[in-house]
Trainee: 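Just dropping this structure here.
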Amino acid sequence: QLTALTVSIVAMSQEAEAIPIIAALLEDKDDPIRGISAISLFKLAETSEDFRREIEQISFPKAAVVSAEGRGVKLPAWAK
């Protein structure tokens, strides 16, 4: 769970550098990391139009989307 907490903290930094770091974790072998990474990117996209445009370019793996949805968070309409 330490990794999940770290992902959340990186996202809360609201730094552009966090986006590729979190995006790389969308394909992590651990389901919780994939889900929390997707959720973190969804939330980060809500904080800035620039972030949203960058995050919109990310192709979210199905496993990450399913994991996020399993945590009660739906894929935003803009996400692919």
Side-chain angles (χ1 to χ4, degrees):
Q1 297 301 9
L2 181 58
T3 306
L5 176 61
T6 303
V7 170
S8 296
I9 291 170
V10 169
M12 288 188 315
S13 74
Q14 295 187 6
E15 295 290 334
E17 294 81 10
I19 295 171
I21 294 167
I22 299 170
L25 294 173
L26 291 171
E27 304 224 20
D28 194 86
K29 64 181 176 66
D30 293 326
D31 179 68
I33 300 303
R34 291 190 303 264
I36 291 168
S37 297
I39 293 166
S40 294
L41 288 170
F42 300 160
K43 289 182 178 181
L44 193 55
E46 294 172 359
T47 66
S48 157
E49 278 300 313
D50 290 336
F51 289 167
R52 181 173 170 175
R53 280 191 291 277
E54 185 172 347
I55 293 168
E56 282 177 336
Q57 303 307 310
I58 296 170
S59 180
F60 287 82
K62 181 160 181 69
V65 172
V66 168
S67 183
E69 289 177 340
R71 289 164 176 72
V73 177
K74 296 286 183 196
L75 183 71
W78 53 262
K80 53 182 175 171

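In this text, all values refer to a predicted model and were calculated from it rather than measured experimentally. Sequential numbering from 1 along the given sequence is applied to the chain's residues.
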Trainee: Do the side chains of E54 and L41 get nearer than 4.5 Å, heavy atoms only?
Mentor: no
Trainee: Can you measure from OG (S59) to CD (E27) and round to the nearest 0.5 angstrom?
Mentor: 8.5 Å
Trainee: What's the shortest heavy-atom distance between F42 and A79, and which atoms?
Mentor: CE2-CB, 4.4 Å
Trainee: I'd like to know if the side chain of D30 and the backbone of P32 have a donor-acceptor N/O pair within less than 3.5 Å.
Mentor: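 Side chain of D30 to backbone of P32, a donor-acceptor pair under 3.5 Å: no, none is there.
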Trainee: What pairs with E56 under salt bridge (charged side-chain N to carboxylate O under 4.0 Å, His left out), at least two apart in sequence or on another chain?
Mentor: R52
Trainee: How long is the gap from CD1 on I22 to OG on S37, to the nearest 0.5 Å?
Mentor: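 Rounded to the nearest 0.5 Å, the CD1-OG separation comes out at 7.0 Å.
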Trainee: Quick one, W78 and I55 - any side-chain contact, counting heavy atoms below 4.5 Å?
Mentor: yes
Trainee: Between CG of D28 and CD1 of I36, what distance do you get to the nearest 0.5 Å?
Mentor: 10.5 Å
Trainee: Rounded to the nearest 0.5 Å, how far does CD1 of I19 lie from OG of S40?
Mentor: 11.5 Å
Trainee: Does any non-hydrogen side-chain atom of L26 lie less than 4.5 Å from one of R34?
Mentor: no
Trainee: Roughly how far, to the nearest 0.5 Å, is CD1 of I33 from OG of S67?
Mentor: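 Here the rounded value is 9.0 Å.
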